[in-house]
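Proteins get letters first, then strands, A, B, ... in listed order; numbering begins at 1 in each. Only a predicted model underlies this, so the values are computations on that prediction, with no experimental measurement involved.
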Amino acid sequence: MPDFEPKIVAFVCNWCTYAGADLTGTSRMKYSPQVSIIRFPCTGRIDFMLLLKAFASGADGIIVSGCHPNDCHYSSGNFHARRRWIIFRGLLDFLGIDVRRVQFSWYGRWGRSRATSACAAWA
Amino acid sequence: MKTGFYPGCSMKGSAREYSESLLAVAAALGRDLPEVPDWNCCGATAAHNLDPDLALALPARILAAAEKEGMDEVLVPCAACYSRLSVTRHELLADEALRRRISGLVEADFRGSARVLNIIEWLAAIPGLEGMVKAPFARRVACYYGCLLVRPAGVVNFDRPEEPQSMDLLMKKIGAEPLDWAFKTECCGAGFSVSRTDLVAKLSGLILEDAVARGAEAVIVACPMCHLNLDMRRPNIERRAGKKYHIPVIYITQALGLAMGLPAKKLGLQRHKVAVKFPAANSAAKDI
Amino acid sequence: MARIGVFICHCGENISATVDVGKVAEAAARIPGVAHSVDYKYMCSDPGQQMVQNAIREKNLTGVVVAACSPRMHEPTFRRACAAAGLNPFLCEMANIREHCSWVHEKGDATTEKAIDIVRTLVAKVKKNKALQPIKVPVTKVAMVIGGGIAGIQASLDIANAGHRVILVEREPSIGGHMSQLSETFPTLDCSQCILTPRMVEVAQHANITLHTYSELESLEGFIGNFKARIRKKARSLDEKLCTGCGLCAQKCPTRRIASEFDAGLGLRPAIYVPFPQAVPNKPVIDREHCTYYLKGKCRLCEKVCPTQAIRFDQEDEIVEVDVGAVVLATGFDIKHSDFFPEYGYGKHKDVIDGLQFERLASASGPTLGEMRRPSDGKVPETVVFVACAGSRDPAKGIEYCSKICCMYTAKHAMLYKHKVHHGKPYVFYMDIRAGGKMYEEFVRRAMEEDGVQYVRGRVSRIFERNGKLVVKGADTLLGARPMEIEADMVVLATAGVAQAGAEELAQKLHVSYDAHKFYAEAHPKLRPVETNTAGIFLAGACQAPKDIPESVAQASGAAAKVAALFSQAELVREPLIAVVDRQAPPLYSSCVGCFLCQSACPYQAIEKEEIRGRDGQLLKTVAKVNPGLCQGCGTCVAFCRTKSIDIQGFSHEQVHAEVLALLNRGDRDA
Amino acid sequence: MESEKRSIERGALSRLVEQWLSQGKRVLAPMHSGDKVDFAWVTSLDDVSLDHVQTVQSPKTAVFPRVEELFSFRSADGRVEVRERDLGALPEIVVLGLRPCDAAAMAALGAIFNWDAPDRLFSARLARTTLVTIACSRADEHCFCTSVGGGPGAVAGSDILLTDMGQGAYLAEIVSAKGREAARAAGPLFAPAPGMDKESRLATVAKAFSPDAIAAALERMFDAGGFWEEQSRRCVGCGACAYVCPTCACFDIQDEGGISGQRLRCWDSCGFGLFTLHTSGHNPRWLQSQRWRQRLMHKFAYMPERQQALGCVGCGRCSRACPVDMNILEHLRAVAEAKP
Amino acid sequence: MNALREKARELLAAKTVQVVIGYGRGSGGSARAVFMRAPAQAAELIFDATCLQNLAVYLMKPEVRKLGKAALVATPAALRTILQLAAENQVADNSLLALAPVGEDIMPLATFAAIEAHVAAADHDLSAAEGAELGKFAAMGLEERRRFWEEQFSRCLKCYACRAACPLCYCTRCTVECNQPQWIPVPAHDLGNLEWNVMRAMHLAGRCVNCGDCSRACPVGIPLYLLNQKLISDVSSVFQARSGMAARSDNAMSTFKPNDPEDFIR
């Protein structure tokens with residue numbers, strides 16, 4: 001399906017991953033324009049309802065990315081987020097929604113290209 | 001709690017007195033020690049120089065046989081066998097793929113359910129040992145642990161690797177007076193006994209020198225290899241040192257047997273190169 | 001009706017090279033609520049900012065979206081510009097169409113389409129932005145320094161000299177810390193008393209510093225700028241005002257054979273004692289565990305001899321409550337004492353001692369008055385072996401880090417030994433020499449070449465006593481790992497530097513995080529070494545990790561600078577991007593149901609309980625309330641709250657919801 | 001006008017259903033789903049369940065669906081273009097197997113929807129719906145149609161009323177003009193009705209109360225706070241009773257989509273707190289007891305007074321669906337016996 | 001049964017409680033909640049296999065709280081609900097008396113500690129049958145599961161009986177009633193139903209005590225208990241946490257462990 005253009009929304013934390021995306025920009029790395037970024041103070045702030053709303057509004061793939069454990073600017077936001085992701089992912093899978101459509105990651109600078117390739121490959 | 005017994009080659013060969021004294025003590029304590037059925041050589045130091053898989057396969061086959069027999073733990077009196085079996089069990093439990101491969105190799109399913117015990121662990125676990133003592137072994141003794149009984153620390157997890165105390169405590173239980181000396185875990189020359197006897201003479205010599213200097217009346221060991229070098233190589237030691245050492249070297253099971261009043265013959269004392277007798281003069285116990 | 005201004009930047013041609021900025025401006029103009037949409041070559045330039053300000057004034061815009069570079073770059077710039085034009089700065093958002101769009105995609109419709117998407121997303125967000133005012137939190141301009149070692153002393157002096165009051169809390173009867181126990185210090189061999197005592201006196205006499213010795217922190221509540229500390233002043237059994245420090249009581253006290261902590265157990269002290277001659281304050285304290293009066297109710301000799309009747313046997317601990325605005329943790333470190341090395345005979349042979357004990361032997365105020373005599377029989381040791389890395393860099397012993405200062409003080413010890421025993425033969429067993437400071441390498445080189453210290457590169461395997469001598473078995477790896485034995489008269493172990501006893505409990509009282517070895521965790525190892533993750537609490541010295549005196553002093557001054565910066569403003573001004581719990585009209589009062597599970601989600605303990613009472617005072621509801629001083633705006637509670645009662649300003653539910661819908665072409669509804 | 005009596009065999013009825021489907025009509029009938037019976041779009045008579053007392057949900061979904069689009073709108077270049085629903089495109093529906101009370105309920109719905117400003121969408125749907133009712137041969141403790149002017153064999157509201165006469169034959173009373181049109185279109189499928197005795201096949205439903213007495217009692221009880229609290233203590237405030245009720249007509253309006261999208265109408269219930277929440281935060285019916293009072297007052301006091309039509313047809317679905325067993329019959333008797 | 005009636009009459013007569021909430025005979029022979037205020041009414045009390053409703057839902061109803069201190073006939077699930085409500089600061093200690101039927105007689109539990117002890121004695125994990133049913137779902141293919149739930153949710157009316165019947169859904173303004181922004185669409189179309197049911201399950205993660213009232217209340221019979229049991233089994237197997245066992249306990253979803261498994265995070 002060459003013309004199928006997956007719409008991918010990236011929910012990212014403002015510290016590691018947003019800065020990572022900026023760095024990906026300054027080093028002129030290319031990735032698919034289908035990925036758009038929404039900024040949050042921390043992955044702890046990303047509510048599962050938003051992922052749901054993104055799917056309901058037509059997103060094909062979702063990336064949720066934040067700082068590595070122990071690197072969180074607020075010390076524990078990513079830990080809390082991880083625990084919710086584990087349960088939310090289990091529920092989505094239970095409901096028959098393909099969890100490969102939601103990619104969780106701890107991403108630094110090189111993340112952007114790897115993320116899009118993952119989602120694009122899926123698409 | 002079913003305890004199996006893995007004799008290994010030395011207990012049937014050069015260390016028959018260790019086996020005799022062990023079985024005599026066990027009988028006296030009312031503890032039966034069924035041998036692991038169809039046991040094979042543990043590979044000792046030779047196997048892992050030849051082939052790492054062989055070094056794991058031999059002990060794995062032994063432990064698998066013990067498990068099939070329903071043994072919860074296996075007493076391994078010889079320190080070298082004890083070290084090989086412990087290391088094998090540790091590595092196979094840590095790596096599931098390796099466990100499956102080695103089990104396949106020996107066509108026996110090794111599960112790792114049987115624990116590996118050395119002689120001190122087994123004796124220490126027997127309640128009321130003091131009560132069994134009829135003739136306290138009132139001698140000043142130097143407890144010699146050797147190298148393999150307490151190492152590698154991370155795997156064996158038995159006593160403190162650098163400064164062990166467990167044998168000293170056991171000897172105190174049977175009335176002995178363990179001395180504080182510096183060669184508890186220094187090497188006796190081990191396998192060089194045949195190829196580099198001169199080295200053994202030097203290293204074992206140093207051990208005996210320190211023991212005698214501290215006034216020890218006997219050296220207590222728990223490993224056939226240590227006994228071999230300290231006892232059988234005594235002429236080489238004396239020739240190199242240019243002086244005589246009369247200090248006897250006995251197994252912990254023999255010391256325990258003597259303390260329990262078992263006859264010397266049953267303990268195999270007559271098999272030693274260095275006569276096992278204590279000059280009346282310097283035995284402190286005699287004066288009480 | 002929203003009146004949004006959209007400003008598309010070419011960024012020279014960084015953006016316009018791949019994004020059709022004209023088309024984006026056109027598309028933006030068509031978004032409902034956009035009243036002004038232009039593009040310009042350099043938005044962040046002065047003319048560019050001028051354009052924004054003029055548009056705000058002419059079209060009285062209610063929101064601004066600048067589509068240009070990353071908000072991490074110019075958000076402050078444009079927010080200041082909007083503020084200058086009278087628009088609340090938090091009604092201005094940046095749409096990142098450079099790093100996240102023009103730079104990372106090829107030229108083409110898709111890229112321009114994405115730029116429009118991003119602009120539409122941020123326009124939707126800005127419509128839901130609220131005008132926010134920075135949070136102003138009052139600051140109590142008093143600092144509390146915990147720990148009276150060199151780091152605590154330096155921090156206190158710097159803060160006090162910056163004109164602020166300081167409360168220095170020290171657990172021991174005197175300030176000075178481990179430095180006061182040292183004989184000389186590397187690399188200059190200054191006598192530690194000579195360079196430390198003046199500072200201690202300066203602290204005691206400084207008008208701005210209140211000194212609480214023999215005291216510990218009982219509890220700390222509150223938040224940056226508004227801490228409430230309760231300090232427990234342990235009873236010295238002495239009235240400090242009356243006591244002149246004459247020392248008669250100590251001389252007369254019959255119970256004399258107590259191991260002196262100051263002399264690291266080598267010397268003895270009476271039950272009523274002054275730790276060391278230069279102690280500040282120079283007032284004794286009664287050791288209630290050993291004083292005969294407290295054990296058997298008899299004696300009271302010190303009371304009789306005291307010329308000023310200053311002894312108070314019935315004195316009780318006293319709790320002092322103080323308000324402080326900042327806390328500097330300078331509790332220092334300790335060296336490993338326990339039977340950590342049975343194979344070295346530490347604790348079994350009296351002549352196997354640790355570094356601090358050697359310092360006391362070498363110190364003029366030490367038990368041997370500076371003469372090099374060994375603890376067992378007082379003889380002068382002819383051969384001394386110094387063992388470096390005794391515990392450090394040894395994962396098997398559970399301490400894998402390098403304690404940093406042992407190489408230096410071991411070289412110093414060897415040098416001091418040679419200066420006192422010219423014919424003595426010092427050996428040092430080492431793995432690697434770590435002498436990275438200024439004049440450090442030269443110092444160690446001098447010990448080797450001028451003072452003839454025999455450095456042996458190898459580990460010591462065992463130390464045992466043989467006819468009066470300490471046999472040190474080791475190996476010299478530089479000579480083919482040849483095993484060697486040295487018959488020594490004394491052995492000094494440079495044991496590992498570990499966290500101070502009680503460090504963990506203190507950290508829990510202050511909600512400061514610490515690592516596996518109980519050293520306090522800095523906010524960022526490279527960029528914020530003197531701050532912690534808890535706002536208002538700073539670090540100085542070895543409590544953060546083992547370090548030498550120069551580094552501790554530098555960190556202390558760094559922490560003091562941070563405190564001074566904090567106290568420089570009348571009020572603490574912080575970005576208002578923090579969480580707020582919703583309040584509504586009666587009868588609901590708030591959608592929060594008071595389950596308080598958000599409290600366990602908050603890493604800063606910023607969520608408190610608030611009781612809502614009716615006019616008649618009857619309790620209606622207990623709901624959550626966010627403390628603006630503590631909340632750092634991570635939003636973990638916001639995503640957790642089931643009823644969406646807690647929201648974070650700047651990333652509120654409405655804002656992010658609008659962003660998601662706008663990004664996925666659902667667009668926002670209100671015209 | 002006396003309704004014309006005919007009869008129809010089960011086989012003929014099945015062919016009639018196929019005829020309707022072939023004519024592009026959609027057939028709504030009770031179907032088994034799990035251990036419950038509910039209305040669903042059927043494709044043949046075999047799907048239809050005929051042996052149940054009452055379905056979980058009412059057939060009102062044919063004329064007042066859970067969610068329906070009122071109109072859609074598109075916004076381009078600042079102008080908003082509204083596109084009305086094409087009423088002509090609404091499907092022709094035949095509801096087969098509903099009960100006489102459900103048929104009577106359509107009138108109650110009409111009383112609300114066409115009260116002052118006629119609802120064109122509802123009326124269009126009703127006009128396109130043919131009601132082929134099956135009289136009740138069995139009833140349970142929750143049925144009380146006879147107390148509210150209905151009956152197991154009442155013809156009111158139906159287009160054709162079938163009564164199962166046993167051995168696969170049905171008495172068919174052609175009631176309305178639409179019924180006659182349907183019977184005519186069915187042609188030979190309907191046969192003459194040789195003296196079938198309908199009464200003997202009908203269930204018996206005891207009369208429990210008189211609606212006028214209830215209406216009169218309710219007039220005086222608006223402020224009887226304690227009574228309503230006592231009555232509604234068990235109620236946990238969900239919307240089940242309203243959503244299964246054939247006569248509940250309350251709805252909520254929601255706009256969905258963004259700049260372009262649709263305006264949707266969907267069911268709502270006076271049992272919800274949000275129903276009467278004012279933007280100021282004030283809520284006249286803050287407590288559950290006040291909402292329960294509203295349910296009874298609307299159906300048994302306000303509607304008779306303003307629309308001269310009872311808001312309840314006695315189908316008993318609300319009692320059966322209630323998770324906490326709020327039995328409306330019990331509560332109505334309590335209202336009747338309550339002393340002022 | 002009469003031990004229960006005797007106890008209720010005694011409590012009401014001595015005014016130790018102002019209301020006894022228990023089960024009475026309802027329409028069609030089923031059991032339903034009854035609120036005894038006078039000692040004489042105690043005779044109406046029954047307790048048998050049909051008494052399944054989790055009466056703890058009434059502890060959170062303002063009109064019932066207004067009556068004063070209540071005694072509650074509590075099934076094991078109701079007891080665990082009380083502890084979970086306590087862990088969420090909704091009920092205070094000694095503010096209620098739980099009457100736990102044990103065989104024929106009645107165990108009065110006046111404090112949370114007593115309830116904890118009573119609850120700890122029984123085993124509260126998912127039963128083998130429940131585990132097997134979840135296993136059946138896991139064995140199903142992704143597509144098959146999606147179709148199953150799509151069909152189930154297509155029947156959802158959004159009548160919120162599941163929310164009303166659940167004692168842990170006590171939020172005065174539920175997120176469903178939040179329209180700034182409209183998180184959950186009001187209409188009962190496919191998307192709206194999916195978002196509602198996912199939100200309901202997620203908001204009960206680490207809290208639900210598996211009493212089954214939501215499934216019993218659903219007029220169209222959607223097997224909602226499956227969603228909750230799935231999350232209960234995940235929370236207990238992955239985080240080793242179980243809800244409703246202690247009055248003072250952390251919530252599995254608002255705490256974390258540094259070593260939570262993250263095999264899916266790259």
(message) Working to the nearest 0.5 angstrom, can you tell me the gap between A/L52 CG and E/M199 CE?
(response) 10.0 Å

(message) Between A/M49 and E/T175, does the side chain to side chain contact (heavy atoms under 4.5 Å, CB included) criterion hold? Intermediate values first, please.
(response) CA-CA 11 Å; A/M49 299 276 287; E/T175 304; 4.1 Å; yes

(message) Counting only heavy atoms from other residues, nucleotides and ligands, does the tally under 6.0 Å from CZ of E/R248 exceed 12?
(response) no

(message) Whether the side chain of A/R82 engages the backbone of E/P258 through a donor-acceptor N/O pair (distance < 3.5 Å, no angle test) should be reported.
(response) yes

(request) Taking A/R83 for its side chain and E/D260 for its backbone only, find out whether a donor-acceptor pair lies under 3.5 Å. (result) no

(message) If I measure from the heavy atoms of chain A, does E/N228 come under 4.5 Å with its side chain, its backbone, both, or neither?
(response) neither

(request) Would you give the length of the straight line joining atom CZ of A/R89 to atom CG of E/D234, rounded to the nearest 0.5 angstrom? (result) 11.0 Å

(message) Please give me the minimum heavy-atom distance between A/S105 and E/I265, naming the atom from each residue.
(response) CA-CG2, 3.6 Å

(message) Ignoring hydrogens, what is the shortest heavy-atom contact between A/G90 and E/K230? Give both atom names and the distance.
(response) O-CE, 3.4 Å

(request) Please report the shortest heavy-atom distance between A/A56 and E/L191, naming the atom on each side. (result) O-CD1, 3.4 Å

(message) Counting only non-hydrogen atoms closer than 4.5 Å, does E/F148 touch chain A with its backbone (N, CA, C, O), its side chain (CB onward), both, or neither?
(response) neither

(request) Check step by step if side chain to side chain contact (heavy atoms under 4.5 Å, CB included) holds for E/F137 and A/L95. (result) CA-CA 9 Å; E/F137 266 83; A/L95 292 173; over 6 Å; no

(request) Select one option (side chain, backbone, both, neither) describing which atoms of A/F48 are under 4.5 Å from chain E's heavy atoms. (result) side chain

(message) Evaluate A/W106 against E/E262 for side-chain hydrogen bond (donor to acceptor under 3.5 Å, both in side chains), listing each step before the verdict.
(response) CA-CA 11 Å; A/W106 314 123; E/E262 53 170 75; 3.0 Å; yes

(request) For side chain to side chain contact (heavy atoms under 4.5 Å, CB included), just list the numbers for E/F264 and A/I86, CA-CA rounded to whole Å, side-chain angles, deciding distance to a tenth of an Å, and then say yes or no. (result) CA-CA 9 Å; E/F264 60 97; A/I86 294 170; 3.6 Å; yes

(message) Would you say that E/R145 contacts A/D93 through its side chain, given a criterion of any heavy-atom pair below 4.5 Å between the two side chains?
(response) yes

(request) For each of A/V99, A/L91, A/V64, tally heavy-atom pairs with chain E at distances under 4.5 Å, and name the one with the top tally. (result) A/L91

(message) For a 4.5 angstrom cut-off between non-hydrogen side-chain atoms, does A/R84 reach E/S254?
(response) no

(request) For A/F94 and E/L134, run side chain to side chain contact (heavy atoms under 4.5 Å, CB included): C-alpha distance rounded to whole Å, both residues' side-chain angles, the deciding distance at 0.1 Å, then the answer. (result) CA-CA 9 Å; A/F94 187 72; E/L134 285 184; 3.9 Å; yes

(request) Could you tell me which portion of E/V238 (side chain, backbone, both or neither) has an atom closer than 4.5 angstrom to a non-hydrogen atom of chain A? (result) side chain

(message) If you compare all heavy atoms of A/K53 against all heavy atoms of E/W183, which two are closest, and at what distance to 0.1 Å?
(response) NZ-O, 2.6 Å

(request) Working to the nearest 0.5 Å, report the span between CG of E/N259 and CZ of A/F79. (result) 9.5 Å

